[in-house]
Each structure stands twice: as C-alpha cells, then as structure tokens.
Amino acid sequence: SVTGVQTCALPISKNFNLYFSFIITPALSYQGYTVNSTSGGVYIQYKVLPMRKIPLGLVTWGGLDIGLGYNYATAKLGVSSTEKITTVSFDTNGKHVDYEPAGTLSLRYQSHIIPLEISTNFSLLYFLSFVAGAAADFHLLTSAEVAAQISGPIKIDGTSTAGDNASFTLSETGKASAVSFRVFGGPQFNIWKIRIFTLVHASNNQTYGITAGARFTW
C-alpha cells in the first residue's frame, strides 16, 4: 500500500492561480484500531489588489486575493476487540463500579465543501511569509455516522456475577450546517519552488483545525 500526497499551484495568468491537491491513506491497523481516509480538492485564486513593497522596509505586502474551490474528504475510524476496549469507572451509593466493554465502534465522515475565501499575506525577505484570511464554507451533503455494538461485564467493588452485564447498539447520523464561517492564519516558509506552510483555522461553530503541508509551484 502507498500513501500519496500532492499539492500543486499552477499560474494560469498574471492574476489567476490554480491549486489542486490529493491525499489517500490506506487502511492502517494497530491493536484493533483501523483508520483510512481520502481527500482532494481544487481551488482557483484571483488577485484583486497587486503586491506592494513597503518603502524603507524589508516587508512585502502580498496584496489581496479571493478564492473559490471544492474539497472532498472521507474518513473512517474504527475499533474492534473481543477483549475490553476501555474501562469506565465511577462511584455510586458507596460502591466503586468498573464497566469493561468490548465490541465494535466506528465513525464515518464524508464532506463536500465549497470554500469562498479572502486572504492576504506579508513576506519578510521573501523567505518567510504570514498568511491571514476569512472564509465562508458551504457544506454539501456533509455528514458523520457513528455506529456501535458494545457489551461487557460490570464489576462492583472488583467482582461481578453472570447477570452484571450491560450492552447497547447505536447507529446515528448527523449533518453539518449549510454554511459556516472561518478565520485562518499562519506562517509559510518559501524555499525555491517549495512553500512549506502551517495554517490554524477557527470556525463559528466552535471547531478548530490545523493544516500543514507543502506546495510545489512552477
């Protein structure tokens, strides 16, 4: 199995850039846990205001850009074990209770997102840049599904009998809101044709994320 990662920027014209990316992770397993994911996207950016050098300084303002794209992602995380997956402990009525469930638990996620972004950047001596911007993310058919089949013994003060057992089955699907708003920013290191970047994202629905990677331009 091979994991492939590709992020490229293609200059279409003086004011337009086209970005595309693709990453696939084959099914990875470790001690009952499995994970695999696929994502890809295309993004076109238009420079509204040109870059300008700040007089008597070493800083270059990168101008103002607007962009529109499409991102697709799917992922699955699962755990399966005939032995206990974890131990849930609590105290009640003077008794100490341990629940040791086994079984299967999975999370599936799929998203189709159209981001509309406005961004700018500042460069210091070309080698270091800082990017900042805001975006509206339009979610199309974005959903997550949680499924579980769990059962296991309940120990009270360290002991259990044949009847001290609990089990449950769950299948639930949730959908994202139609649109969310996001701000982002972070540093970028420019080395020849390579752009190594890290972006921190914060959305109005109290979700946060970090994007890190490299872009190749020609």
Side-chain angles (χ1 to χ4, degrees), residues 1-8 20-43 69-92 95-113 115 137 139-177 180 182 184 186 196-215:
S1 299
V2 177
T3 300
V5 183
Q6 186 176 22
T7 303
C8 298
F20 61 92
S21 63
F22 180 76
I23 178 172
I24 181 170
T25 303
L28 303 175
S29 300
Y30 177 73
Q31 293 185 349
Y33 291 87
T34 59
V35 59
N36 66 288
S37 64
T38 302
S39 63
V42 61
Y43 181 81
Y70 167 74
N71 295 319
Y72 168 78
T74 180
K76 179 182 178 181
L77 173 64
V79 57
S80 177
S81 178
T82 57
E83 300 179 353
K84 69 174 183 178
I85 298 174
T86 186
T87 300
V88 180
S89 300
F90 59 93
D91 294 301
T92 180
K95 302 290 186 179
H96 180 76
V97 180
D98 292 317
Y99 178 46
E100 300 178 343
T104 61
L105 176 66
S106 66
L107 169 64
R108 295 176 181 267
Y109 171 80
Q110 180 174 281
S111 69
H112 301 265
I113 301 175
D137 295 323
H139 297 264
L140 307 175
L141 304 176
T142 297
S143 63
E145 179 185 0
V146 177
Q149 290 184 328
I150 297 294
S151 65
I154 298 176
K155 294 182 179 181
I156 302 176
D157 289 337
T159 61
S160 65
T161 63
D164 296 334
N165 190 79
S167 63
F168 68 91
T169 300
L170 170 70
S171 180
E172 184 174 343
T173 301
K175 295 184 178 181
S177 57
S180 62
R182 171 172 52 91
F184 57 90
I196 302 173
F197 64 91
T198 300
L199 289 176
V200 178
H201 306 263
S203 300
N204 66 312
N205 55 8
Q206 297 183 337
T207 59
Y208 307 92
I210 296 178
T211 303
R215 289 196 297 265

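With rounding to the nearest 0.5 Å, the separation of OG1 in Thr198 from CZ in Phe184 is 14.0 Å. To the nearest 0.5 Å, the span separating CG on Leu107 from CG on Leu105 amounts to 8.0 Å. To the nearest 0.5 angstrom, Tyr72 atom OH is 13.0 Å from Leu140 atom CG. Interatomic distance, Ser177 OG to Asn204 CG, rounded to the nearest 0.5 Å: 7.0 Å. Within the model, atoms OG1 of Thr104 and CD of Gln149 stand 5.0 Å from one another, a figure rounded to the nearest 0.5 Å. Summarising the geometry, atom CG belonging to Leu199 is positioned 9.0 Å from atom CZ belonging to Arg182; distances are rounded to the nearest 0.5 Å.
Although no hydrogens or angles enter the test, the distance criterion places a donor-acceptor pair under 3.5 Å between the side chain of Thr74 and the main chain of Tyr109.
Under a cut-off of 6.0 angstrom, the local environment of CD in Gln110 is crowded, with over 12 non-hydrogen atoms contributed by other residues, nucleotides or ligands.
Between the side chains of His96 and Asp157, no donor-acceptor pair of N or O atoms lies under 3.5 Å. Counted by atom type alone, Asp98 and Ser89 present one or more donor-acceptor pairs between their side chains at under 3.5 Å.
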Phe197 vs Thr211, test: side chain to side chain contact (heavy atoms under 4.5 Å, CB included). Steps then yes/no. CA-CA 8 Å; Phe197 64 91; Thr211 303; 3.8 Å; yes

Any chance you could lay out the side chain to side chain contact (heavy atoms under 4.5 Å, CB included) test for Glu145 and Ser171, step after step, and finish with the verdict? CA-CA 7 Å; Glu145 179 185 0; Ser171 180; 3.7 Å; yes

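Checked options Asn71, Ile24, Ile23; the residue passing with Ser39 is Ile23 (criterion: side chain to side chain contact (heavy atoms under 4.5 Å, CB included)).
Heavy atoms only, all atoms of each residue included: Ile150 and Pro101 are closest at CG2-CB, 3.1 Å. The heavy-atom pair separating Leu141 from His112 by the smallest distance is O-CD2, 3.9 Å. Closest of all the heavy-atom pairs between Ser180 and Asn205 is CB-ND2, 4.1 Å.
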